[in-house]
Chemist: 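This is the structure I have questions about; it appears just below.
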Amino acid sequence: MSKKRPQLRFEGFTDDWEEHKLGDFLKTPEKVKAHIQSKDDLMTLKLNLGGLESGSNRETLELGSTIYYKRKAGQFIYGKQNFFNGSMAIIPIDLDGKATSGDVPSLDVIGILSEYLYVYVSRGDYWKSKESEASGTGSKRIHEKTLQGFDIKVPSTQNEQRKIGSFFKQLDDTIALHQRKLDLLKEQKKGYLQKMFPKAGEKIPELRFAGFADAWEERKFGEVIDSLYNGQTPSRANKANWKGKINWLTSGELNRGTVTDTIEKITSVGQKDALLRIVPAGTFVIAITGLEAKGTRGNCAKLAIDTTLNQSCMAIFPNEKMLDTKFLFQWYRKVGEEYGLRYTQGTKQQSYNAELIKILPITLPKLEEQIKIADFLDQIDDTIALHQRKLDLLKEQKKGYLQKMFV
């Protein structure tokens with residue numbers, strides 16, 4: 001493959017691509033002085049990779065005369081401070097008549113199709129490589145002159161530019177559509193969780209399956225579980241304990257979903273060293289340490305594998321006549337963060353222990369209704385997981401195309 005030709009190309013194009021600087025195509029527009037009469041004339045811009053929308057009115061801008069960029073549809077806009085995090089977009093509509101921050105410049109696009117330029121510059125490999133170009137002692141910034149000095153390789157014809165831009169626009173639209181579907185499903189799931197479990201202080205949910213009318217009963221965990229178990233970490237000083245074939249799960253791997261594998265494996269020697277038991281697939285596991293951190297608080301998972309556990313994981317084994325494991329999983333995902341704040345103990349690190357877990361309150365319907373609720377919510381989870389896999393696949397496909405369709 002020539003360094004001036006991409007690996008993957010639309011049919012009919014064979015010419016070498018041309019080397020340019022962004023300054024050949026991005027021109028700093030004239031700044032306009034406007035008389036700002038009210039706060040309605042002030043606005044901020046929410047800018048992220050591919051997204052641009054109006055934000056709240058800027059109360060920090062003073063009323064009176066101010067100088068601002070004239071924002072026009074088709075301009076390239078980027079965040080000086082966050083360019084190397086992918087903060088850029090093509091302005092979709094004219095934004096004249098509003099005063100906007102000069103730390104988010106917009107530049108006129110001349111002599112190149114804006115949709116091609118955007119796809120080229122917004123590639124992660126491209127903007128990540130420019131972080132060293134940022135200047136400033138505190139907050140690092142990419143100023144316009146610096147940006148204009150960046151390299152860009154361009155097809156010799158706008159027709160090829162247009163095909164590339166249109167291809168990625170269609171791909172981005174498909175990704176956005178799947179993302180909206182996924183977000184909607186998650187919102188629907190959230191709504192069901194709110195309605196299918198009683199509100200605080202109540203014993204009857206707002207929404208339930210036909211044939212169930214009894215009030216739910218408030219219990220303590222210790223009344224509806226048979227046992228608890230948490231593991232340990234085999235000695236890392238003994239290499240014979242590690243890199244075996246036995247799964248070993250840490251709290252950081254609890255994904256509020258289904259665990260299908262573990263990052264580390266131990267040997268039978270390591271299992272004996274730490275006196276670890278195998279926790280069977282189907283078990284519900286929660287994080288019990290580090291619960292002061294929002295990212296860990298409420299973490300839990302269902303096991304799809306047999307595994308050992310470290311000391312930060314607690315396996316919960318319900319009384320099968322009183323509590324369904326799948327119901328327990330759905331319930332704890334709803335309340336786990338709140339419980340992590342209310343019921344844990346510790347000065348530096350907030351944690352559960354077996355005795356604390358046993359006194360946690362849980363409100364339960366009869367077992368048959370638990371199973372109905374859990375099966376229904378599990379079906380939604382399966383649909384969410386399917387859409388997530390489709391979305392991840394599309395993103396991977398785009399990543400592959402970005403690597404092969406540019407020089």
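Remember, it's a predicted structure, so these values are computed and weren't measured experimentally. Along the sequence shown, residues carry numbers from 1.
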Chemist: Between Phe150 and Lys130, is there a cation-pi geometry (under 6.0 Å to ring centre, at most 45° from the normal)?
Modeler: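 Checked: cation-pi criterion met.
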
Chemist: Which pairs, with at least one residue in residues 284-295 and sequence neighbours excluded, count as a side-chain hydrogen bond (donor to acceptor under 3.5 Å, both in side chains)?
Modeler: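 Sorted result for residues 284-295: Thr289-Ser312.
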
Chemist: Quick one: side-chain contact (heavy atoms from CB on, under 4.5 Å) partners of Leu393, sequence neighbours excluded?
Modeler: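 Residues passing side-chain contact (heavy atoms from CB on, under 4.5 Å) with Leu393: Gln397.
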
Chemist: Determine the interplanar angle of the Phe376 and Phe209 rings, folded into 0 to 90°, and report it as parallel if under 30°, tilted if 30 to 60°, perpendicular if over 60°.
Modeler: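 Because their plane-to-plane angle is over 60°, the rings of Phe376 and Phe209 count as perpendicular.
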
Chemist: Tell me, please, which residues at least two apart from Asp382 pass side-chain contact (heavy atoms from CB on, under 4.5 Å).
Modeler: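 Partners of Asp382 under the side-chain contact (heavy atoms from CB on, under 4.5 Å) test: none.
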
Chemist: Can you find a heavy atom in the side chain of Lys372 that is under 4.5 Å from one in the side chain of Arg208?
Modeler: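 With C-beta onward as the side chain, the pair stays apart.
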
Chemist: Between Gln330 and Asp378, does any side-chain donor sit less than 3.5 Å from a side-chain acceptor?
Modeler: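 Present: a donor and an acceptor within the cut-off.
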
Chemist: Locate the shortest heavy-atom distance separating Trp216 from Pro205; write the atom from each residue and the value.
Modeler: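 Closest approach of Trp216 to Pro205, heavy atoms only: NE1-CD, 3.5 Å.
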
Chemist: Does the side chain of Leu402 come within less than 4.5 Å of Lys399's, by heavy atoms?
Modeler: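 No, side chains not in contact.
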
Chemist: Any idea how His387 and His178 line up, ring-wise: parallel (<30°), tilted (30 to 60°), or perpendicular (>60°)?
Modeler: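 Taking His178 first and then His387, their aromatic rings sit tilted (interplane angle of 30° to 60°).
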
Chemist: Please say whether the positively charged group of Arg162, taken as NZ for Lys or CZ for Arg, lies over the ring of Tyr116, i.e. under 6.0 angstrom from the six-membered ring centre and within 45 degrees of the axis.
Modeler: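 Because its charged atom misses either the 6.0 Å distance or the 45° angle limit, Arg162 does not stack over Tyr116.
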
Chemist: Is a side-chain donor-acceptor pair under 3.5 Å present for Asn230 with Gln311?
Modeler: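 No, Asn230 and Gln311 have no side-chain donor paired with an acceptor closer than 3.5 Å.
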
Chemist: Would you check if the distance from the ring center of Tyr343 to the ring center of Tyr352 is below 6.0 Å?
Modeler: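 Aromatic pair excluded; centres sit 6.0 Å or further apart.
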
Chemist: Whether the Asn247 and Thr262 side chains hold a donor-acceptor pair (N or O, under 3.5 Å, no angle test) is what I'd like checked.
Modeler: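 Distance-only check passes for Asn247 and Thr262.
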
Chemist: Aromatic rings Tyr401 and Phe168: how do their planes relate, parallel, tilted or perpendicular, breaks at 30° and 60°?
Modeler: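 Perpendicular: the ring planes of Tyr401 and Phe168 meet at over 60°.
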
Chemist: Using side-chain heavy atoms (C-beta onward) and a distance below 4.5 Å, is Pro105 in contact with Phe76?
Modeler: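 Not in contact.
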
Chemist: Assess the side chains of Gln379 and Asp375: does a donor N or O sit below 3.5 Å from an acceptor N or O?
Modeler: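 Side-chain D/A pair, Gln379 to Asp375: absent.
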
Chemist: Check this for me: Lys272, atom NZ, are more than 12 non-hydrogen atoms of other residues, nucleotides or ligands nearer than 6.0 Å?
Modeler: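 No - once you tally the heavy atoms of other residues, nucleotides and ligands closer than 6.0 Å, there are 12 at most.
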
Chemist: Taking only residues two or more places apart in sequence, or in another chain, which ones meet Ala281 in a side-chain contact (heavy atoms from CB on, under 4.5 Å)?
Modeler: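 Once residues adjacent in sequence are excluded, the partners of Ala281 under the side-chain contact (heavy atoms from CB on, under 4.5 Å) criterion are Asp306.
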
Chemist: Stepwise, does the side-chain contact (heavy atoms from CB on, under 4.5 Å) test hold for Ile77 with Ile90?
Modeler: CA-CA 6 Å; Ile77 189 169; Ile90 298 297; over 6 Å; no

Chemist: Take the angle between the ring planes of Phe221 and Trp331 and call it parallel below 30°, perpendicular above 60°, tilted in between.
Modeler: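 If you compare the ring of Phe221 with that of Trp331, the planes turn out tilted.
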
Chemist: Check Arg256, Lys189, Lys302 against Asp381 for a side-chain hydrogen bond (donor to acceptor under 3.5 Å, both in side chains) and give me the one that passes.
Modeler: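 With Asp381 as partner, side-chain hydrogen bond (donor to acceptor under 3.5 Å, both in side chains) holds for just one option, Lys189.
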
Chemist: Are the ring centres of Tyr229 and Phe317 closer than 6.0 Å?
Modeler: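 Centroid separation for Tyr229 and Phe317: 6.0 Å or greater.
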
Chemist: Provide the full list of salt bridge (charged side-chain N to carboxylate O under 4.0 Å, His left out) pairs with a residue in residues 224-236, sequence neighbours left out, each pair given once.
Modeler: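 Those involving residues 224-236 are Arg236-Glu264.
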
Chemist: Under a 3.5 Å threshold, yes or no: a donor from one side chain and an acceptor from the other, between Thr250 and Glu253?
Modeler: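 Present: a donor and an acceptor within the cut-off.
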
Chemist: What is the minimum heavy-atom distance between Cys313 and Val285, and which atoms define it?
Modeler: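 Here Cys313 and Val285 meet closest at CB-CG1, 3.8 Å.
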
Chemist: Report the residues that fulfil side-chain contact (heavy atoms from CB on, under 4.5 Å) with Ala293, sequence neighbours left out, ordered by chain and then residue number.
Modeler: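 For Ala293, the residues satisfying side-chain contact (heavy atoms from CB on, under 4.5 Å) (neighbours in sequence not counted) are Thr296.
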
Chemist: Test Ile288 against every option in Leu228, Leu356, Thr344, Ile357 by the side chain to side chain contact (heavy atoms under 4.5 Å, CB included) rule and name the one that passes.
Modeler: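 Only match with Ile288 under side chain to side chain contact (heavy atoms under 4.5 Å, CB included): Ile357.
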
Chemist: Tell me, with the steps shown, if Ser87 and Gln81 meet side chain to side chain donor-acceptor pair (under 3.5 Å).
Modeler: CA-CA 9 Å; Ser87 177; Gln81 187 173 341; over 6 Å; no

Chemist: Would you call Arg180 and Asp183 a side-chain contact if the rule is heavy atoms closer than 4.5 Å?
Modeler: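 Not touching, per the 4.5 Å side-chain cut-off.
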
Chemist: Can a salt bridge be assigned to the pair Lys169 and Glu115 using a cut-off of 4.0 Å between side-chain N and carboxylate O?
Modeler: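 So Lys169 does not pair with Glu115 through a salt bridge.
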
Chemist: Step by step, work out the salt bridge (charged side-chain N to carboxylate O under 4.0 Å, His left out) result for Lys80 and Glu144.
Modeler: CA-CA 8 Å; Lys80 285 183 180 179; Glu144 292 142 86; 3.7 Å; yes

